[in-house]
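Notes follow once the structure below has been shown.
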Amino acid sequence: MNAPSSDPVDVLHSAVTAAAWRLAGDEGVSPALDPSPRPEMGDYSTNAAMMLAKPLGKPPREIAAELAAAIEAELGAALEKTEIAGPGFINLFLGDAWYREAAASMSATGAAAVSPVARPERVIVEFVSANPTGPLTAASGRHAAYGDALSRLLKETGHAVTTEYYVNDGGTQVDNFAASIAARMTGDEPPEDGYKGTYVNELAERAATEGHDPTDLERLARTGVEWMVEGIRGSLENFGVRMDDFFSERSLYEDNLVDRGIQRLRDNGHVFEEDGAVWLRTTDFGDDKDRVLVRSSGEVTYFGADVAYHVDKIERGNDRLIDVLGADHHGYVPRMAAAIQSLEGDRAEFEAQIMQLIHLVEGGQRTKMSKRAGDIVTLDELTQDIGVDAARWFLLARSHNQTIDLDLDLARSQSSENPVYYVQYAHARIQSILRKAAEEGGPGSGDPLAAPVDPSEKALVSKVLEFPAEVHEAAEKRAPHRICAYASEVAAAFHAFYRDCQVVGAEGEGVQAARIQLCGVTAETIKRSLGLLGITAPDRM
RNA sequence: GCGCCCGUAGCUCAGCUGGAUAGAGCGUUGGUCUACGAAACCAAAGGUCACAGGUUCGAAUCCUGUCGGGCGCGCCA
């Protein structure tokens, strides 16, 4: 929006902004330009006059009249007319040519190119990071889908992104895990608070056949975690999520990063010792209480190691650290935020995205998700059950900040009531039309720019034109679910267009060519939208 | 007790840095295949946006309080 842009909507928006600035003598205001809610309200609407009402000290509708004239002067022939409506909205009515040129411009530059943000950042997104002591659950799948889609969105808007899985391969849970495997190897029951899932039996069997010693818990822990991480990596890849790195907690110790990290906190003067433990004074930065980094026993806490990990992320040159965390870890956020604020010099923005819970619903009942009883639904089971595309769609379609019920019966159905197929169907339908158009000999005669425009073509063009703004908004708000909604809207606009407008064999000079072009940019927009969600856009279904 | 998240149509949820008549999917009712894919389209019904105050030209959206639900408050991870 700052740089000159060939995006047709940007051009309109810039014209409105320029007119507002000229009128107000102030470059501070940033009026909105939105598609009009209803066709009788024109094509685009701006609230600029209302925004200027206070600074200019005049009634909005009076300002709107002056502003409308300025906008008309700014835009010239592209604009058919303006109208002032309601409390002071200015509605812009565009001519057919504007729509044809907009579609042609998208077709030429690649549909709706997304311009990079003004200030690109190096961002590291850490997500899933589930303990490597068991398979990924459906809940982890929600984290994975979200973190992956968010990363894709950030990349799309010009940021340099790395994705990382923090592997908690040290500490008590892993000891516990090893003890559980060992118990199964010797035919005993796992410890009371141990791991009892059937996958532990399988690991035990494998360990036995490979000649592991059930009394060598350290080696068993290392091997068991290794196998689990391999399994997790496979589950994620099968789910379309490829992490840039799996970062081992244990490697922090091996590479001496824990001492270094804690030393860095110490240098900044917020570390103290009490009761034989080493503390970080997180209360200096808004936390409820101070936190232990090193226990009186000499063991580093989970928090201590995690701080060191985050310091390392910063030292690797990242500007922004995004942690995708479960709702049950939200209490952890203030202390990590405090730790990072306590750093002086080389720092980064820390940001936590909290995932709310997910319930799987089947036959109208919530399925049990008790980890203890071992009857969790794994990510592998979920993707096998409903397919990767449907799983990703259903896990992403709702705000990550909202607890959701995932209706397995609906997700499983390969029929019309399943929303993911609605969007994919639109794409396949377009490809079918384009195939047919190619078979029947190309675009036909006439200048597509001069072809008249049907109302449902207008609706489709303007929906497709929203793509860059939607992507930016979804990225900024960390809200991939907006792309699901947007993709559905594009599909709906296409289906309406299909109802009203014949493509192959359309009457009129340039009409067929124009519509083929529109089909092309629509298909590309759907494909790119789904691509941001990690969902395929099949040419045939 | 304190903190975070949430409360919008029968169900599942969008919309929340304030904007025009609050939307979608599913479900319900009725209609549409002799044009390029009916996995589609059209129409109807369905709402005290939890409740009560406040802020203002304007509040589902912002502020305060109340009620209801989820999660969290370790020298656990």
Side-chain angles (χ1 to χ4, degrees), chain A residues 32 34 36-38 41 45 47 50-51 53-54 59-60 85-89 91 129 131 133 168 170-174 176 249 274-279 288-289 291-306 326-334 352 354-357 359 361 364 394 397-399 401-407 409-410 413-426 428-437 439-440 476-477 479 481-482 484-485 488-489 491-492 494-496 498-506 512 515-516 519 540-541:
Chain A
D34 296 309
S36 298
R38 276 180 294 284
M41 295 176 176
S45 308
N47 63 353
M50 272 123 68
M51 295 195 73
K54 195 162 272 180
F89 289 102
N91 294 331
S129 298
N131 280 344
T133 52
N168 302 125
T172 53
Q173 289 308 312
V174 170
N176 206 341
E249 177 186 359
E274 195 174 289
D275 301 333
V278 178
W279 299 68
D288 291 343
K289 52 187 84 166
R291 306 293 172 175
V292 172
L293 295 167
V294 185
R295 295 185 195 112
S296 48
S297 67
E299 281 178 296
V300 176
T301 61
Y302 176 84
F303 176 59
D306 204 20
D328 55 345
H329 284 74
H330 77 259
Y332 187 75
V333 174
I354 303 300
M355 305 293 299
Q356 295 299 325
L357 299 180
H359 298 108
V361 175
F394 278 85
R398 308 307 184 192
S399 164
N401 211 19
Q402 171 83 250
T403 55
I404 54 170
D405 287 340
L406 197 169
D407 185 339
D409 299 317
L410 177 60
S413 71
Q414 300 243 340
S415 64
S416 54
E417 64 252 24
N418 191 333
V420 65
Y421 297 118
Y422 179 81
V423 178
Q424 291 183 321
Y425 177 72
R429 208 181 203 187
I430 295 170
Q431 293 305 333
S432 167
I433 293 170
L434 293 176
R435 282 192 297 270
K436 175 142 185 141
E439 281 163 22
E440 310 213 341
E476 277 162 27
K477 292 187 169 171
H481 72 276
R482 288 179 154 270
C484 288
S488 300
E489 288 167 14
F494 173 76
H495 288 308
Y498 177 85
R499 175 194 69 225
D500 295 338
C501 302
Q502 190 173 350
V503 178
V504 179
Q512 176 170 318
R515 289 179 179 169
I516 288 171
C519 284
R540 291 185 170 83
M541 303 175 57

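Numbers restart at 1 for each chain; the letters A, B, ... are given by sequence-line order, proteins then strands.
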Distance, [atom1] atom - from [M] to [N], rounded to whole angstrom:
N: B:rU28; M: B:rG10; atom1: C1'; value: 9 Å
N: B:rA9; M: B:rA60; atom1: P; value: 15 Å
N: B:rG37; M: B:rU29; atom1: P; value: 31 Å

Give a yes/no answer on whether the side chain of [X] brings an N or O atom under 4.0 Å of OP1 or OP2 in [N].
X: A:Y422; N: B:rC41; answer: yes
X: A:Y421; N: B:rA40; answer: no
X: A:R499; N: B:rC42; answer: yes

Check whether the aromatic ring of A:Y425 stacks on the base of B:rG37, taking stacking as ring centres less than 5.5 Å apart and planes within 30° of each other. no

Report which part of the nucleic acid [X] touches: base, sugar-phosphate, or nothing (heavy-atom distance under 4.0 Å, all strands).
X: A:I404; value: sugar-phosphate
X: A:D407; value: nothing
X: A:N91; value: base
X: A:A426; value: nothing

The criterion is salt bridge (Lys or Arg N to Asp or Glu O under 4.0 Å); which residues satisfy it with [X], sequence neighbours excluded?
X: A:R435; result: none
X: A:D328; result: none
X: A:R398; result: none
X: A:E249; result: none

What stems show up for RNA chain B when you take Watson-Crick pairs (N1-N3 plus N6-O4 or O6-N4) and G-U wobbles (N1-O2, O6-N3), both under 3.5 Å, and require three or more consecutive pairs? B:1-7 with B:67-73, B:10-13 with B:23-26, B:28-32 with B:40-44, B:50-54 with B:62-66

B/S/- along nucleotides 69-77 of chain B (protein heavy atoms under 4.0 Å) is -SBSSSBSB

Who passes ring-ring contact (aromatic ring centres under 6.0 Å, His included) against A:Y425, sequence neighbours left out? A:H495

Could I get the full list of ring-ring contact (aromatic ring centres under 6.0 Å, His included) partners for A:F89, not counting sequence neighbours? none

Please list, chain by chain and in numerical order, all residues satisfying side-chain contact (heavy atoms from CB on, under 4.5 Å) with [X], sequence neighbours excluded.
X: A:Q424; answer: A:D389, A:V420, A:Y421, A:L530, A:I535, A:T536, A:P538, A:M541
X: A:V504; answer: A:I433, A:K436, A:A437, A:E440
X: A:P59; answer: A:E62

Hey, is the side chain of A:S399 pairing donor to acceptor with the base of B:rA14 inside 3.5 Å? no

Mind calculating the distance between OH (A:Y498) and P (B:rA39) to the nearest angstrom? 10 Å

Between N or O atoms, less than 3.5 Å apart, protein on one side and nucleotides 16-18 of chain B on the other: list the pairs.
from	atom 1	to	atom 2	distance (Å)
B:rC16	OP2	A:R482	NH2	2.9

